[in-house]
Each structure stands twice: as C-alpha cells, then as structure tokens.
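Report on the structure given below.
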Amino acid sequence: MGGAASGPGDQGGPRGLGGLALRLPREQDVLARMRGTEDRIADAITAFAGTMQFVYIHAAWFTVWIVCNEGVFGQRLVWDPFPFGLLTMIVSLEAIFLSTFVMVSQNRQAARENVRADLDFETNVRSEVWSIHMGRALGVDPEEVERKVQEALAENRARMKQTGQTS
C-alpha cells in the first residue's frame, strides 16, 4: 500500500513521495466508514435490479403467472384470475421497494460525490499553500503569478463562451 494516504491525525501513516508521510484522507476509507449494512443491502438490490437477468426473471415470472391464471393448464391452477389483482399488488409493492432502494443508493452516491469534492478541495488548498510558500522561497512574486492565472482563466472563459460552452 505504498503511496496510500492516511488520515489527518495519523503520524505514523503510510509513506510516499520520498519517505514523506502523506496526510490526505483516502476516499475509500472515508466512504467505507459511511457505509452500513443497510447501504450494502440497498446497493446489492439496486445492482441486481439494474441487470438484464432481473428483466428476464420478471418476464418469465409474469408469463407463467398470466398463462396459469388464464386457465391454459386447467382451472385448477387459476389463483389470480384476470385482471390479475394479486399480481398487480405484488408488482406495485415491488416497485415501491425498488424505488426506495434506488433512492437510498442515489443518496449515498451524492454523499460520495460530496466526499470527493471535499477531498479535492482540501488537496487544492494544500497545493496552493505549498505552491505559494515554495514560490516565495524561490523568489517568485505570488501576486504576479495570480495575475497570470486570472488572465489565463479569463482567456479560457472567453474561448468557452465563443464555442457555446459554459463554465
């Protein structure tokens, strides 16, 4: 696990970059702490419901249900005659639960994206602070660098507007 980052309070964490201790929290570690048993179950159900196997199983189930309840194999096997009220209720309940599992998974995905954004922001702030300190140590004027950055950003935004893109 060389090069892996550790949490902010980790003094003896993994080493990287020439033996320096990295102090960035790892995205996977943060996300793992956020994920409970319910989340794992919701993910598994949502992952299965998004497969063609799920579709095939349901197509077969509905076909068998309708064929049996239309009396094709005899009236003895009819348990939910047309308009298939029991099937309708079961499918409706399944839809309610599946939509709930999908929402749980989507909410956690949004939380993941927030964690990634927070970690990206922390990394960007660290990089900027280090760059300013290193630039000063090398005699670079941070205000001049910032002016150049702002000019480059303004030129990029102008080009994006010309091509119809937004930033």
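Electrostatic pairing of Glu144 and Arg147 counts as a salt bridge here, judged by a charged N lying under 4.0 Å from a carboxylate O.
The 12-atom threshold is exceeded at CD of Glu94, counting heavy atoms of other residues, nucleotides or ligands nearer than 6.0 Å. Enclosure of atom CZ in Arg76 is not indicated, since only 12 or fewer non-hydrogen atoms of other residues, nucleotides or ligands lie within 6.0 angstrom. In this structure, Gln53 places its CD atom where only 12 or fewer heavy-atom neighbours from other residues, nucleotides or ligands lie under 6.0 Å away. Enclosure of atom CH2 in Trp79 by more than 12 non-hydrogen atoms of other residues, nucleotides or ligands within 6.0 angstrom is indicated. Within 6.0 Å of the CZ atom in Arg116, the count of heavy atoms belonging to other residues, nucleotides or ligands exceeds 12.
Relative orientation of the His58 and Trp61 rings is perpendicular, given thresholds of 30° and 60° on the angle between their planes.
To the nearest 0.5 angstrom, Thr46 atom OG1 is 10.0 Å from Phe54 atom CZ. Atom CG of Leu98 sits about 7.5 Å away from atom CZ of Phe101, to the nearest 0.5 Å. Between the OG atom in Ser105 and the CD1 atom in Ile41 there is a gap of 11.5 Å [rounded to 0.5 Å]. Rounded to the nearest 0.5 Å, atoms CH2 (Trp130) and CZ (Arg126) are 10.5 Å apart. A distance of 9.5 Å separates OH of Tyr56 from OG1 of Thr51, quoted to the nearest 0.5 Å. To the nearest 0.5 Å, atoms CE (Met160) and CG (Leu153) are separated by 11.0 Å.
With 3.5 Å as the limit, one finds a donor-acceptor pair spanning the side chains of Arg112 and Gln109.
Side-chain rings of Phe82 and Phe84 approach one another, their centers coming within less than 6.0 Å.
In the hydrophobic cluster analysis, where Ile, Leu, Val, Met, Phe, Trp and Tyr join through side-chain heavy atoms closer than 4.5 angstrom, Val145 is grouped together with Leu138. In the hydrophobic clustering of this structure, Ile66 groups with Val91; members are Ile, Leu, Val, Met, Phe, Trp, Tyr whose side-chain heavy atoms approach within less than 4.5 Å, directly or through other members. The same ILVMFWY cluster, assembled from side-chain heavy atoms under 4.5 Å apart, contains both Leu93 and Ile90. With hydrophobic clusters built from ILVMFWY side chains whose heavy atoms lie under 4.5 angstrom apart, Met89 shares a cluster with Phe62. Taking hydrophobic clusters as Ile, Leu, Val, Met, Phe, Trp and Tyr residues chained together by side-chain heavy-atom distances below 4.5 Å, Ile96 does not share a cluster with Val102.
Within the 4.5 Å cutoff, no side-chain heavy atoms of Phe97 are placed close to those of Ile45. In this structure, Ile57 and Phe48 have side chains that are in contact, with non-hydrogen atoms separated by less than 4.5 Å. Asn156 has its side chain within reach of Arg159: a pair of non-hydrogen atoms, C-beta onward, lies under 4.5 Å apart.
Using a distance-only test at 3.5 Å, with no hydrogens or angles considered, no donor-acceptor pair links the side chain of Asn107 to the main chain of Val104.
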